[in-house]
Amino acid sequence: MAATLPKNADVAGQFDLLADLLELDGEQQFRVLAYRRAADQIRSTPGPIAQLALDGEAKDLPGIGKTIESKIVQIVDSGEIEALTKRKERIPAGVADFLRLPALGPKTARRIWQELGVTTLDQLRQAAEAEQLRTLPGLGAKIEERILKALDEKPQEKRTLLAVALPAVLAVVEVLREHPASNEVSEAGSVRRRTETVRDLDIIATADDPGALTDYFASLSWVAEVEAKGKTKATVVSHDGLRFDLRVVPPDSYGNLLQHFTGSKEHNVALRENAVRRGLSVSEYGVKDVESGEVFTARKEEELYEHLGYEWIPPELREGRGELEAAKKGELPTLVDVSDVRGDLHMHSTWSSDAQDSIADMAAAAQARGYEYIAITDHAHYLRDGRFAAQTKEIAKLNEKLAPFRILRGIEVSIRTDGTLDFSDEELATCDWVMASLHSAFDRSPTERVQAAMEHPHVDCIGHLTARKLNRRGGTEIALDKVIEKALETGTFLEVNSQPDRLDLRDVHARAAGEAGVPLVISTDAHEVGALAFVELGVAQGRRAWLTKDHVINTRSWAEVQRSRRK
DNA sequence: GCCGTTTTCGGCCCGACTGTTTTCAGTCG
């Protein structure tokens, strides 16, 4: 067996590339689709897929059968899927890049390659500039134009953080609701599902006068550019670069449309596949009984799901990860809600030089949110040379004043490269709450360091496990299964960090931890009072992870948290 | 290639838009 297993992302990448090459080779589309689905499944699998394949358990996952499992084993054994190696010999590497360009699908890319001998993006640009593409039947000047435009654009724009997108969309929804022509207005798409980042921001509405509403939408003061505007649909770009899509739909099928435009694609495909087996064809306009031709429309999503035999599914779960099966049996979890949260166990004060507000201000803001307790968890390295004792005094003094509200004497320690903590055991022993986190040298044995920290008798919780920063760095390759195992063994909690660019654990990781029985903490890591509101993002992430109130330890009183601790 | 309260074989989501075409294939979400 290889010493280190290939990463899920790399395994998935090979299947996606194989799918691309098969498609270019004109293979059966359903084989291509099968590889793409397998790639998606592998990406959303929390543990190492390679180990599962070696153990013969990968084929238990949906969309992965014996053939794909054996191909994963090939990656472990020789580094690459054999079929991929073979296809690469036949198809020039650059041709697969054509598929990333708009308007170029497999059929067109293949023709450009085979009939014009174009095999790289540079050659493609030259061919488009020389107006050679239009010599192929079915291709014209427009295609050349679009290809050149796409090649000139920046490689890939960053995705918008949910923290930016969500308030922006909700504000627009509010404004549209106030317009006299509108009836129902809702956010849809990935924002409604609360995915950690989004590309476009979708809104759907019903209106007495659709044209009046789209006109109004396109004329709002923050709109910098109107990309498209018709009676029932408009796309605009705001001055800060956000792209909004508004669809105005008839009220009778509002439920169908809201469901359709909320997605995800995977959820909708699975929903429709299941419906097809029962002779029903589902579209955004209604559910058609194929035999009788009757069409069912729904004003509400609940009616639509009910008609198809499901209980209503919270948008956060609609990712094609087993929610339909659970909803059919009526076994969806009751997801944790922001109102369940009773305290915040990770935040900083001016004692950390990167934070902005005093302990007293943080406490007041937490009280205003209705919390019963907070933990002040300043970085250990700011609390040396008597500052730790001084801060403890300040907290005690505030507690006298604020009781029964409680400020916990917490701390956030860094896990050093050797797995030790950057604070003394004696002082940690006096803390109510200890978070341990990786803050540097992320590639140096992260799993072993986290495990070592969990073994420490005073560490209560591991903060932002993978240390990823959305749009900036991918996060460490931590063996989540080993971390979960150690968490269960030592009674250590795991954090869902609510910072907009962290949201770490990510959804599938938090779900795996929750299902394994590891208690989770949803905390903000706030560095200023306003950041306490990020709990909404953390809770959304928790909901995407199928977490209930019972999974989340800070939905309990502090006394209950203490009782449930094993160390 | 995967999968099964109609199937271990024969299916595999749905509709809109686009560009290039006189009826549609390919692409996209």
Side-chain angles (χ1 to χ4, degrees), chain A residues 15-16 18-42 58-72 81 83-84 98-112 133-147 149-150 188-190 193 198-202 204 227-228 230 232-233 235 243 245 247 249 253 256-257 259-288 290-291 295 308-309 320 324-325 328-329:
Chain A
F15 281 105
D16 269 333
L18 180 59
D20 284 348
L21 298 185
L22 291 182
E23 210 171 20
L24 286 166
D25 247 353
E27 286 281 347
Q28 241 202 88
Q29 54 162 331
F30 294 112
R31 281 183 67 203
V32 173
L33 185 66
Y35 285 129
R36 293 240 156 86
R37 284 184 169 175
D40 285 343
Q41 176 60 49
I42 289 164
K59 60 179 175 297
D60 297 338
L61 295 168
I64 296 183
K66 272 170 74 176
T67 306
I68 287 181
E69 179 171 275
S70 73
K71 284 177 158 53
I72 299 170
I81 302 169
L84 180 58
F98 295 1
L99 301 179
R100 303 286 163 286
L101 297 170
L104 275 195
K107 300 273 171 29
T108 317
R110 176 184 171 85
R111 292 181 57 205
I112 292 173
L133 300 184
R134 66 183 69 175
T135 62
L136 297 176
L139 296 192
K142 278 280 170 55
I143 296 263
E144 289 172 347
E145 210 174 282
R146 289 187 70 182
I147 287 173
K149 183 162 178 270
S190 50
R193 302 197 312 278
V198 305
R199 204 179 62 225
D200 303 326
L201 292 75
D202 296 309
I204 77 162
E227 285 202 348
T232 62
K233 193 176 159 178
T235 301
R243 179 190 309 269
D245 276 323
R247 286 281 299 241
V249 304
S253 52
N256 305 81
L257 280 142
Q259 195 283 324
H260 171 80
F261 285 111
T262 298
S264 66
K265 187 183 169 207
E266 290 73 18
H267 174 83
N268 286 354
V269 168
L271 182 84
R272 289 167 179 197
E273 281 177 356
N274 289 332
V276 154
R277 294 196 197 104
R278 294 185 292 139
L280 300 172
S281 171
V282 179
S283 80
E284 56 264 56
Y285 301 109
V287 181
K288 188 161 138 190
V290 176
E291 207 155 299
V295 177
L308 294 171
L324 288 167
E325 293 78 355
K328 182 156 275 177
K329 293 188 220 153

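Here is how names work: the chains are called A, B, and so on, in the same order as the sequence lines, proteins then strands, and each is numbered from 1.
Leu22(A) comes within 4.0 angstrom of no nucleic acid atom, judged by non-hydrogen atoms across all strands. Looking at heavy-atom distances under 4.0 Å, Val269(A) makes contact with a base. Using a 4.0 Å heavy-atom distance criterion, Ala270(A) is classed as making no nucleic acid contact.
Distance check on atom C1': dC13(B) versus dT27(B) gives 16 Å, rounded to whole Å. On the P atoms, dC14(B) is 30 Å away from dT21(B), given to the nearest whole Å. Rounded to whole Å, the separation between the C1' atoms of dG11(B) and dT6(B) comes to 12 Å. Going from the P atom of dC12(B) to that of dT18(B) covers 28 Å, rounded to whole Å. dC2(B) sits 12 Å from dT8(B) when the C1' atoms are compared, rounded to a whole Å. Rounded to the nearest Å, the gap between the P atom of dT7(B) and that of dG15(B) is 26 Å.
You can see that DNA chain B meets the heavy atoms of chain A within a 4.0 Å-exclusive cut from dG1(B) to dC28(B), reading 5' to 3'.
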TODO: Evaluate the salt bridge (charged side-chain N to carboxylate O under 4.0 Å, His left out) criterion for residues Glu273(A) and Arg37(A): first the C-alpha distance (whole Å), next the side-chain angles of each, then the deciding distance (0.1 Å), finally the verdict.
DONE: CA-CA 14 Å; Glu273(A) 281 177 356; Arg37(A) 284 184 169 175; 2.7 Å; yes
TODO: Evaluate salt bridge (charged side-chain N to carboxylate O under 4.0 Å, His left out) for Glu23(A) paired with Arg36(A), printing each intermediate quantity in order.
DONE: CA-CA 11 Å; Glu23(A) 210 171 20; Arg36(A) 293 240 156 86; 3.2 Å; yes
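Applying the side chain to side chain contact (heavy atoms under 4.5 Å, CB included) test between Leu99(A) and each of Thr108(A), Leu24(A), Leu104(A) identifies Leu24(A) as the sole match.
Residues from residues 25-33 of chain A that place a heavy atom under 4.0 Å from any atom of DNA chain B, listed by number: Gln28(A), Phe30(A), Arg31(A).
No donor-acceptor pair closer than 3.5 Å links the side chain of Asp200(A) to the backbone N or O of Arg243(A). Glu144(A) places a side-chain N or O within 3.5 Å of a backbone atom of Leu133(A) that can act as its donor or acceptor partner. Not a single donor-acceptor pair under 3.5 Å links the side chain of Arg199(A) to the backbone N or O of Ser190(A).
Taking both residues in full, the closest heavy atoms of Asp16(A) and Ala39(A) are given as OD1-CB, 3.4 Å, listed atom of the first, atom of the second, then distance. Taking all atoms of both residues into account, the shortest heavy-atom contact from Asp202(A) to Gly189(A) is OD2-CA, 3.6 Å.
Atom NZ of Lys328(A) has more than 12 neighbouring heavy atoms from other residues, nucleotides or ligands inside a 6.0 Å radius.
Comparing Leu61(A) and Val282(A) by the nucleotide of DNA chain B whose heavy atom lies nearest to each, the residue mapping closer to the 5' end is Leu61(A). Both Ile64(A) and Ala109(A) lie close to DNA chain B; mapped to their nearest nucleotides by heavy-atom distance, the more 5′-ward contact belongs to Ile64(A).
Figure legend. dC28(B) is base-paired to dG15(B); pairs are counted as Watson-Crick or G-U wobble with both atom distances under 3.5 Å.
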